[in-house]
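Remarks on the structure that follows.
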Amino acid sequence: MIAIAALFLVCLAYVQANPDGAPLAACAAIAPQSPQHNGSSQPLANSSYSLNVSQLTAAGGYTPGRNYTLVLTGGASQYKGLLVQGRRGTTPVGSFAAGNLVKPACSNTAVTHIDRSLKNNVPLIWTAPAAGTGSVVFSYAVVVQNSGGVNTYYATLTSPVIAEYPIHRPLQPLQRPLKRPLQRPLQRPLQRPLQRPLQRPL
């Protein structure tokens, strides 16, 4: 009887979303990891979830070191778990702060849920990286529960590309206008007054 009860508890833990956020193993793939989740990955085309980055796009990009509010929304749908990270290629950039229903993860480069409660429109505070980082894309995953009570998830969702503002371009060599050779005024030889021969008196 004890063995059966123990097996039941193990199975229950397996099907539930990680209760205190995404584990470290999820950082590289930005996807739920077993045994915390046994749900199946869903086609991205079916996702109603999106990361609202309008505060960044309206500003024309991010200013290094400044804080921005992102919002993970599901429209009319709610979600149980989340993991969001800013990336330059595959390199994490920027950092996240703790907030309502979320906490930093992946050495503060990402943010994740703190419990399994259903949630929606959760604000996320992101601090932009240092100057010269370049464009950033947010990669994120969402764990949801379908009508049958089974966990499913959407992984490696991405935001629009966020440029660094002002846009950094490679320094160009200083271009100076062409110098023309100095034109000196035409110098004429000095003209001496005509010397008339001496006239002797007759």
Side-chain angles (χ1 to χ4, degrees), residues 17-34 36-37 41-42 44-45 47-75 77-144 153-171:
N18 197 3
D20 57 355
L24 187 62
C27 297
I30 307 297
Q33 300 294 304
S34 296
Q36 285 82 7
H37 309 87
S41 176
Q42 300 299 301
L44 300 185
S47 172
S48 63
Y49 303 91
S50 62
L51 187 65
N52 187 327
V53 293
S54 60
Q55 192 178 71
L56 285 158
T57 54
Y62 70 85
T63 298
R66 182 177 173 181
N67 291 339
Y68 295 91
T69 300
L70 320 178
V71 180
L72 184 58
T73 178
S77 304
Q78 294 180 306
Y79 48 89
K80 296 176 64 177
L82 63 100
L83 180 62
V84 182
Q85 185 179 60
R87 291 184 167 190
R88 168 71 174 174
T90 58
T91 303
V93 293
S95 61
F96 283 90
N100 183 30
L101 300 176
V102 294
K103 66 177 183 179
C106 311
S107 301
N108 297 336
T109 65
V111 66
T112 189
H113 55 283
I114 61 173
D115 60 38
R116 291 192 295 248
S117 64
L118 293 175
K119 51 188 72 71
N120 201 353
N121 299 322
V122 176
L124 314 170
I125 307 301
W126 180 69
T127 301
T133 299
S135 299
V136 173
V137 171
F138 293 96
S139 183
Y140 58 103
V142 181
V143 176
V144 301
Y153 63 87
Y154 298 92
T156 61
L157 295 161
T158 55
S159 74
V161 177
I162 308 299
E164 180 176 352
Y165 181 84
I167 299 173
H168 285 262
R169 294 185 175 92
L171 294 177

For Arg88 and Ser135, what are the C-alpha separation, side-chain angles and deciding distance, and is it a side-chain contact (heavy atoms from CB on, under 4.5 Å)?
-> CA-CA 7 Å; Arg88 168 71 174 174; Ser135 299; 3.6 Å; yes

Between [atom1] of [X] and [atom2] of [Y], what distance do you get to the nearest 0.5 Å?
X	Y	atom1	atom2	result
Asn100	Ile125	CG	CD1	10.5 Å
Leu83	Tyr140	CG	OH	12.5 Å
Thr73	Leu51	OG1	CG	10.0 Å
Tyr79	Ser48	OH	OG	11.0 Å
Asn108	Lys103	CG	NZ	11.5 Å
Leu118	Ser77	CG	OG	10.5 Å

Which atom names give the shortest non-hydrogen contact between [X] and [Y], and what distance separates them?
X	Y	result
Leu72	Ser50	CD1-O, 3.5 Å
Glu164	Gly132	OE2-N, 2.8 Å
Pro104	Ala97	CG-C, 4.0 Å
Ala130	Pro64	C-CB, 3.8 Å
Ser117	Leu101	OG-CD2, 4.4 Å
Val102	Pro123	CG2-O, 4.3 Å

Indicate yes or no: at least one non-hydrogen side-chain atom of Thr112 is less than 4.5 angstrom from one of Phe96.
-> no

Validation row: Ser159, Val137 side chains within 4.5 angstrom (heavy atoms) = yes

List the steps and the verdict of side-chain contact (heavy atoms from CB on, under 4.5 Å) for Leu82 and Lys119.
-> CA-CA 10 Å; Leu82 63 100; Lys119 51 188 72 71; 4.2 Å; yes

Set of side-chain contact (heavy atoms from CB on, under 4.5 Å) partners for Ile162, sequence neighbours left out = Val53, Leu56, Thr57, Tyr62, Phe138

Please answer whether the main-chain N or O of Gln78 pairs with a side-chain N or O of Asn120 as donor and acceptor at a distance below 3.5 Å.
-> no

Does the side-chain contact (heavy atoms from CB on, under 4.5 Å) test come out yes or no for Leu157 and Ser47, once each step is laid out?
-> CA-CA 9 Å; Leu157 295 161; Ser47 172; 4.1 Å; yes

